[in-house]
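Just below is one structure, and these are the notes that go with it.
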Protein chains: 2
Amino acid sequence: MRISTKFSDALHLLSFIEVFKSQKITSETIAASINTSPVVVRRLIAELRTAKIIGPYEGGCSPRLAESSKDVTLFDVYTAIEHKRRLFNVDHDTNPRCPVGAHIPDVLDTVYAEAEAAAFGQLRRTTLRDVIDRIEVAHRMEGEVS
Amino acid sequence: MRISTKFSDALHLLSFIEVFKSQKITSETIAASINTSPVVVRRLIAELRTAKIIGPYEGGCSPRLAESSKDVTLFDVYTAIEHKRRLFNVDHDTNPRCPVGAHIPDVLDTVYAEAEAAAFGQLRRTTLRDVIDRIEVAHRMEGEVS
DNA sequence: TTTCTCCGTAACTGACTCAGTTACACACAA
DNA sequence: TTGTGTGTAACTGAGTCAGTTACGGAGAAA
């Protein structure tokens with residue numbers, strides 16, 4: 001199985017509501033940009049809201065970031081969406097009567113944790129603001145070419 | 001989707017055939033340690049063989065590493081089993097007429113690649129020998145306790 | 001040779017996950 | 001009151017994964 005596109009869609013959603021924060025935004029508007037259905041968007045918003053990345057619902061108002069985009073890291077978003085899901089999966093159902101089978105789950109837990117820490121450290125170092133900046137740079141460059 | 005346990009099982013398999021290389025090994029023996037079926041083991045062996053991590057089939061002989069366990073990195077095994085599979089999934093099906101939707105796939109491709117590079121770098125730094133060493137340390141410590 | 005063991009591989013199955021849809025009650029604004 | 005958008009639950013179809021059955025072939029032993 002694979003890390004779903006929910007994480008990507010969540011980052012898309014957050015970038016969208018920040019870029020267009022001066023305009024009225026509905027789940028329909030967002031869904032049109034992500035190419036998905038409004039319900040999927042609302043589910044994502046609900047998850048990001050319980051993680052306090054999106055502020056509380058205020059009847060009819062467009063969703064807003066709870067804090068500055070500079071203070072939201074990609075790791076925050078990852079955990080909001082994927083919770084404690086690991087990047088690599090350890091097979092814990094092994095034969096405890098075999099020296100290898102008995103100890104490899106713990107060994108892989110440790111080894112994988114090191115690799116995951118490296119990836120998550122990078123996600124922690126990248127903020128939502130960084131993502132939006134890159135989007136805006138790409139958008140401006142497109143304008144110059146055409 | 002999540003990275004399946006195939007990667008873990010492959011590392012288990014490789015550790016097993018290296019630790020018990022002085023003994024006769026069948027897919028049945030290995031399957032008993034991994035707690036799976038011999039067919040699953042044979043499929044794994046086939047994949048590791050095409051990646052040249054396990055040496056060619058020599059009728060009836062037990063499977064052997066193609067090179068020293070010190071020269072096999074976890075990244076080698078990862079690519080043998082999961083090929084180019086990415087740790088994070090980019091949703092490329094977005095609306096190109098929206099500034100955010102048009103550029104976020106490329107931005108996430110880049111950002112994810114940085115995080116993946118960090119994780120894969122760690123996998124490259126870890127060898128099969130390291131894994132086996134840790135298994136043997138754990139095994140010896142168990143002996144002392146009991 | 002015949003028999004036995006093990007291998008490689010293909011085809012099928014059941015469980016699980018994911019994205020998407022339909023549906024419906026609720027809140028707020030016009 | 002009507003309309004719009006929200007939150008949430010339930011269902012669906014596609015896709016993936018691990019496991020199983022099955023079968024032909026190679027090599028060793030009788």
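Just so you know, these numbers use all the heavy atoms, side chains as well, and skip hydrogens, waters and symmetry mates. Just so it is clear: chains get the letters A, B, ... in the order the sequence lines come, proteins before strands, and each one is counted from 1.
Residue Asn35(B) contributes atom CG, which lies 14 Å from atom P of dA18(D) at whole-angstrom precision. Rounded to whole Å, atom C1' of dG7(D) lies 10 Å from atom CD1 of Ile45(A). Put simply, NZ on Lys24(A) is 11 Å from P on dT4(D), counting in whole angstrom units. Here dT16(D) presents its P atom at 13 Å from CD of Glu82(B), a figure rounded to the nearest Å. Between Glu47(A) atom CD and dT8(D) atom P there is a gap of 11 Å when expressed in whole angstrom units. As a whole-Å value, the separation of Ile34(A) CD1 from dT21(C) C1' is 17 Å. His92(B) has its NE2 atom 15 Å from the P atom of dA19(C), to the nearest Å. What separates CZ of Arg43(A) from P of dC11(D) is a distance of 14 Å, to the nearest Å.
Legend: residues meeting side chain to side chain donor-acceptor pair (under 3.5 Å) with Asp76(A), ordered by chain and number and at least two apart, are Thr73(A). For Asp106(A), the side chain to side chain contact (heavy atoms under 4.5 Å, CB included) partners are Asp109(A), not counting sequence neighbours.
Classification of the His139(A)-His103(B) ring pair by plane angle, with boundaries at 30° and 60°, yields perpendicular. Below 30°, between 30° and 60°, or above 60°: for Phe88(B) and Tyr112(B) the angle between ring planes is between 30° and 60°, a tilted geometry.
Of the residues near DNA chain C, Ser37(A) and Pro63(B), the one whose nearest nucleotide (by heavy atom distance) lies more toward the 5' end is Pro63(B). Nearest-nucleotide mapping onto DNA chain C: of Arg42(A) and Ala46(B), the residue sitting toward the 5' end is Ala46(B).
Remark: Arg49(B) is in phosphate contact with dG8(C), judged by side-chain N or O atoms under 4.0 Å from OP1 or OP2. Checking the phosphate oxygens (OP1, OP2) of dA18(D), a side-chain nitrogen or oxygen of Thr5(B) falls inside 4.0 Å. Listed pair Arg85(A) / dC18(C) meets the phosphate criterion, a side-chain N or O lying under 4.0 Å from OP1 or OP2. Close to dG20(C), at under 4.0 Å from its OP1 or OP2, lies a side-chain N or O of Thr36(A). In this structure, Ser27(A) reaches the dT6(D) phosphate: one of its side-chain N or O atoms is under 4.0 Å from OP1 or OP2.
Among the atoms of the strands shown, only primed sugar atoms or phosphate atoms (P, OP1, OP2) are found under 4.0 Å from some heavy atom of Thr26(B).
A donor-acceptor contact shorter than 3.5 Å is absent between the side chain of Thr5(A) and the backbone of Asp91(B).
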